[in-house]
S.K.: 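Quick one: the structure is below, questions incoming.
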Amino acid sequence: MPPAPRPVATAPVLLRRELGDALRGLRQEQGRTLREVSGTARVSLGYLSEVERGQKEASSELLSSICGALGTPLSALLRQVSDRVALAEDLVVPDVVPADLVEDGRRPEGLVSAA
């Protein structure tokens with residue numbers, strides 16, 4: 001007997017929405033305003049607001065600038081977004097750093113385990 005088909009999500013997972021939610025969460029965790037972050041990132045307040053609400057697609061340059069303003073590595077943001085998307089897709093993603101990235105049993109700088 002074939003396995004039962006997986007249920008189809010009712011709403012598609014939108015990368016821009018997940019990115020926006022993650023950025024807003026990081027900003028709010030720091031107790032910072034949109035105005036503060038937009039000024040530091042050199043992004044208009046309105047555009048940053050639209051990015052956080054998932055209404056605009058942010059370029060890699062813009063994401064890098066916002067991450068810089070938040071003091072967060074772009075890789076950490078992308079990892080968080082990847083995990084959010086996996087959860088939305090009902091997938092389990094192991095928290096593992098590939099062996100070729102680990103030197104002397106230590107994690108490279110900037111890589112943080114959720115464990």
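Here the structure is a predicted model, which is why all the values come from computation and not from measurement. Only this structure's heavy atoms are used, side chains among them; waters, hydrogens and symmetry mates stay out.
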S.K.: Tell me the closest heavy-atom pair linking Val13 and Glu18, and the distance in Å.
M.R.: CG1-CG, 4.2 Å

S.K.: Would you call Arg27 and Glu36 a salt bridge, taking side-chain N to carboxylate O under 4.0 Å as the test?
M.R.: no

S.K.: Is the closest side-chain heavy-atom distance between Ile66 and Thr40 below 4.5 Å?
M.R.: no

S.K.: If hydrophobic clusters are built from ILVMFWY residues whose side chains come within less than 4.5 Å, do Leu77 and Leu14 share one?
M.R.: no

S.K.: Between atom CZ of Arg53 and atom CG of Leu23, what is the distance when rounded to the nearest 0.5 Å?
M.R.: 13.5 Å

S.K.: Does Gln55 reach the side chain of Arg16, with side-chain heavy atoms less than 4.5 Å apart?
M.R.: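 With C-beta onward as the side chain, the pair stays apart.
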
S.K.: Stepwise, does the side chain to side chain contact (heavy atoms under 4.5 Å, CB included) test hold for Glu52 with Asp21?
M.R.: CA-CA 6 Å; Glu52 282 193 2; Asp21 287 348; over 6 Å; no

S.K.: Enter the distance from Lys56:NZ to Leu19:CG here, rounded to the nearest 0.5 Å.
M.R.: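 Rounded to the nearest 0.5 Å, the NZ-CG separation comes out at 15.5 Å.
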
S.K.: At what distance, to the nearest 0.5 angstrom, does OG of Ser65 lie from CG of Leu74?
M.R.: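 Interatomic distance, Ser65 OG to Leu74 CG, rounded to 0.5 Å: 11.0 Å.
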
S.K.: In Å and rounded to the nearest 0.5 Å, what is the CG to OG distance from Leu48 to Ser38?
M.R.: 6.0 Å

S.K.: Nearest heavy-atom pair of Ala69 and Val37: which atoms, and what distance?
M.R.: CB-O, 3.9 Å

S.K.: Answer yes or no: is there an ion pair linking Asp83 with Arg79, defined by an N-O contact shorter than 4.0 Å?
M.R.: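 Counted as a salt bridge, because a side-chain N and a carboxylate O are separated by less than 4.0 Å.
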
S.K.: Give a yes or no on whether Leu87 and Val85 share a hydrophobic cluster (residues Ile, Leu, Val, Met, Phe, Trp, Tyr; joining criterion: side-chain heavy atoms under 4.5 Å apart).
M.R.: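 No, Leu87 does not connect to Val85 through the hydrophobic network.
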
S.K.: Could you tell me the separation between the CD atom of Glu57 and the CG atom of Leu63, rounded to the nearest 0.5 Å?
M.R.: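 So the gap between those two atoms works out to 9.5 Å.
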
S.K.: Contact between Thr33 and Gln28 at the side-chain level, heavy atoms closer than 4.5 Å - yes or no?
M.R.: no

S.K.: In Å and rounded to the nearest 0.5 Å, what is the CZ to CZ distance from Arg17 to Arg84?
M.R.: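 Going from the CZ atom of Arg17 to the CZ atom of Arg84 covers 11.0 Å.
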
S.K.: Does CZ belonging to Arg32 count more than 12 external heavy atoms closer than 6.0 Å?
M.R.: yes

